[in-house]
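Worksheet for the structure shown next.
When reading the values below, keep in mind they use all heavy atoms of this one structure, side chains included, and skip hydrogens, waters and symmetry mates.
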Amino acid sequence: MARHLLPVGLDFVETAPLRLVFAREVSAPPGAVYRALADDVEGWPQWFSAVTLARPAGTGPDGPRREVRLRGGGRFLETIVAAVPGEVYAYRVDEANAPGVRALLEEWRITPVPGGARVQWTFAADGAALFLAGMRAGRSGLGRAFRDAVGNLERRLSTAAA
């Protein structure tokens, strides 16, 4: 059964009880990274191994939505809360089948650097004490998943550009 989460805004990325921030530089330009995140939603499983399905899910009361499924059975219905080409792509989770979570927002911030882009992912969440403790304990695993995914994305983008 899906749980309805709190409809947080982009400011939640700064105020959430749990904030996990990861960053990595890539040789791809900011625009290409943004397009892979925001425009090629269905391509996520090809570079983010935790994602088994990602697809647009129409428009909800607050904007465009997407459906995401993860390895292990996680299912999410999300609303895009920020989409600034070449700069930021963020979404909040409206419905999830994960226990203990009350609010969840993810922000992908893209900054130009010499020779490419810096990609920063912020995972902002609120939930029951056990959920928050589990997410803190899983920080290194989330960081590894992010680094691997962004490395895969960089390879995918360099192959597409060649």
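In this structure, the side chain of N152 does not engage the main chain of F48 through any donor-acceptor pair within 3.5 Å. Between the side chain of E154 and the backbone N or O of S27 there is at least one donor-acceptor pair closer than 3.5 Å. Under a 3.5 Å cut-off, the side chain of N97 and the backbone N or O of G73 do form a donor-acceptor pair.
The two atoms that bring G116 and P30 nearest to each other are O-CD, 3.8 Å, heavy atoms only.
Inter-residue side-chain proximity for T122 and V13 is flagged as met; some heavy-atom pair is nearer than 4.5 Å. Counting only heavy atoms from C-beta outward, the side chains of L10 and E107 approach each other to under 4.5 Å. In this structure, the side chains of V101 and L5 come closer than 4.5 Å at one or more pairs of heavy atoms. By the 4.5 Å heavy-atom criterion applied to side chains, D126 and P17 are counted as neighbours. The shortest distance between side-chain heavy atoms of L70 and T52 does not fall below 4.5 Å.
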Open item on the list: Quick one, L104 with E78, criterion side-chain contact (heavy atoms from CB on, under 4.5 Å). Give me CA distance, side-chain angles, the key distance, then yes/no.
Closed with: CA-CA 10 Å; L104 179 60; E78 303 167 339; over 6 Å; no
Task: ring pair (Phe, Tyr, Trp, His ring centres under 6.0 Å) between F22 and W121, intermediate numbers included - done: CA-CA 5 Å; F22 307 98; W121 177 49; 5.7 Å; yes
Open item on the list: Assess the residue pair V8 and R92 against the criterion (side-chain contact (heavy atoms from CB on, under 4.5 Å)); give the C-alpha distance rounded to whole Å, side-chain angles, the decisive distance to 0.1 Å, and a yes or no.
Closed with: CA-CA 7 Å; V8 295; R92 72 158 184 254; 4.2 Å; yes
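Residues R118 and E25 are not paired through a salt bridge, judged by the lack of any N-O separation under 4.0 Å between the basic side chain and the carboxylate. With salt bridges taken as basic N to acidic carboxylate O contacts below 4.0 Å, one links E67 and R69. The existence of a salt bridge linking R156 and D40 is confirmed by a sub-4.0 Å separation between a basic side-chain nitrogen and an acidic carboxylate oxygen.
Taking the six-membered ring where tryptophan is involved, the planes of F146 and W108 are tilted, since the angle between them lies from 30° to 60°.
In this structure, R66 is positioned above the aromatic face of W44, its NZ or CZ under 6.0 Å from the six-membered ring centre and within 45° of the axis.
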